[in-house]
S.K.: 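Let me give you the structure first, and then I'll get to my questions.
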Amino acid sequence: MNETKIELAKLQEMLATLEQENKQLRNDKAELLRHKSVLEEKLNAALDGTGLCLWEQHIPSGNLTMFNMEWGSLLGYTIDELAAHIDSWKANLHPDDRDWVIANFDDHVKGKTESYQVTHRMLHKDGSVSWVSDRGRIVEFDEDGQPLRIMGTHIDITQEKRYEQGLSELANKDPLTGLLNRKALLEAYEQSKIQEHAGGALLFIDLDDFKVINDHYGHKFGDSLLMLIADLLRQQVAESLVIARLGGDEFVLLVNSSDRALLSALAQRVLACFTAPITLENRQISIGLSIGICLHQGELEFAEICDRADKAMYQVKRQGKNSFAFAA
């Protein structure tokens with residue numbers, strides 16, 4: 001009987017110890033969960049406003065998890081509108097980027113690359129384009145060595161890309177008219193020289209008596225006139241043609257044809273735009289253009305072809321203005 005009591009006492013003591021250990025484990029678990037929650041709050045606070053989100057994909061199922069923002073919010077969707085799945089991600093890739101981005105991702109999953117890292121475009125719900133810098137790597141494999149989970153970051157760089165594009169436009173566009181500037185025109189000419197069918201023509205266009213108009217009505221009116229002329233030139237030439245403003249009242253058309261009949265028709269079409277007086281800022285003014293045309297086969301330097309076209313243009317001015325002539 002005494003032995004039974006002793007055994008029972010031992011069991012009760014062991015049970016009390018286990019209950020105490022279990023209580024401690026529950027307390028430890030609660031503390032770990034609290035600590036995890038605090039860490040997640042700190043992570044979200046650190047990432048909020050940066051445009052960066054942390055993601056994870058379960059590769060076998062394709063399910064995606066976003067840790068610091070709702071899935072789809074980057075593209076303007078709610079979780080109900082866009083499933084958190086790899087197929088949704090693929091469907092919202094920009095059509096021009098889709099194939100190569102998916103190929104890059106698949107190469108990493110197949111073990112061909114050490115990481116997945118791309119900068120690409122995605123389609124926003126409102127139809128606009130969002131730029132993202134996406135990177136990730138496999139973080140877990142199954143017992144057979146197959147990739148199980150991939151984690152990475154997804155950074156919205158749309159504003160940075162727009163800034164870059166703005167700088168690029170500033171570097172290549174005339175700030176007043178939005179036409180190409182001299183630098184961009186030179187690059188376009190050099191590019192045309194290496195094409196399979198090199199050769200074409202440069203039309204040098206100068207406004208007749210622009211200084212008189214500018215002095216009479218003021219520089220603001222003169223600027224408005226230059227912008228109007230730029231718009232009229234855009235309307236008269238094919239989108240494939242290069243059109244630029246060199247400065248002042250000088251415009252240039254770069255044409256990939258040396259057909260004199262075609263070039264004459266183009267010059268006449270441009271001149272016809274200014275046959276009737278132009279109404280601008282409640283004023284009617286008459287505008288004439290002098291156009292010099294220089295043909296080339298890709299053998300001339302840009303400065304040389306401009307100089308020849310410029311001389312042909314001044315020949316027109318000496319002979320009465322508002323016409324065109326081919327360089328000798």
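Here, residue 1 is the first one in the sequence, and each next residue gets the next number. Quick caveat: nothing in here was measured; it's all calculated off a predicted structure.
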S.K.: Answer yes if the side chains of N104 and Y116 hold a donor-acceptor pair under 3.5 Å, and no otherwise.
M.R.: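 Note: N104 and Y116 side chains miss the donor-acceptor criterion.
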S.K.: Please name all residues satisfying side-chain contact (heavy atoms from CB on, under 4.5 Å) with K29, sequence neighbours left out, ordered by chain then number.
M.R.: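 Once residues adjacent in sequence are excluded, the partners of K29 under the side-chain contact (heavy atoms from CB on, under 4.5 Å) criterion are L33.
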S.K.: What distance separates E187 CD from S192 OG, expressed to the nearest 0.5 Å?
M.R.: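 Rounded to the nearest 0.5 Å, the CD-OG separation comes out at 12.0 Å.
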S.K.: Between D28 and Q24, do the side chains contain a donor N or O and an acceptor N or O under 3.5 Å apart?
M.R.: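 On atom types as modelled, these side chains qualify, holding a pair under 3.5 Å.
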S.K.: Which label fits F221 and Y217: parallel for a plane angle under 30°, tilted from 30 to 60°, or perpendicular past 60°?
M.R.: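 F221 vs Y217 ring planes: tilted.
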S.K.: If we ignore angles and hydrogens, is there a donor and acceptor under 3.5 Å between the side chains of N63 and S61?
M.R.: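 A pair is found: one side chain offers a donor N or O, the other an acceptor, under 3.5 Å apart.
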S.K.: Describe, in one word, how the ring planes of H120 and W100 are oriented to each other, choosing from parallel (under 30°), tilted (30 to 60°) and perpendicular (over 60°).
M.R.: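 Perpendicular: the ring planes of H120 and W100 meet at over 60°.
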S.K.: Please name all residues satisfying side-chain contact (heavy atoms from CB on, under 4.5 Å) with V237, sequence neighbours left out, ordered by chain then number.
M.R.: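 Testing V237 for side-chain contact (heavy atoms from CB on, under 4.5 Å), a comparison that skips the adjacent residues, returns L241, L253, L266.
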S.K.: Could you tell me how the ring of Y189 sits relative to the ring of F302: parallel (under 30°), tilted (30 to 60°) or perpendicular (over 60°)?
M.R.: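 Geometry flag for F302 against Y189: tilted rings.
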S.K.: Among D209, D310, D206, exactly one meets salt bridge (Lys or Arg N to Asp or Glu O under 4.0 Å) together with K317. Which residue is that?
M.R.: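 Result: among D209, D310, D206, D206 is the only option passing the salt bridge (Lys or Arg N to Asp or Glu O under 4.0 Å) with K317.
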S.K.: In the structure I gave you, are the side-chain heavy atoms of F204 and L246 within less than 4.5 Å of one another anywhere?
M.R.: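 Yes; the side chains approach each other to less than 4.5 Å.
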S.K.: Any heavy-atom pair between the side chains of L295 and L263 that's under 4.5 Å?
M.R.: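 Yes - at least one pair of side-chain heavy atoms lies under 4.5 Å apart.
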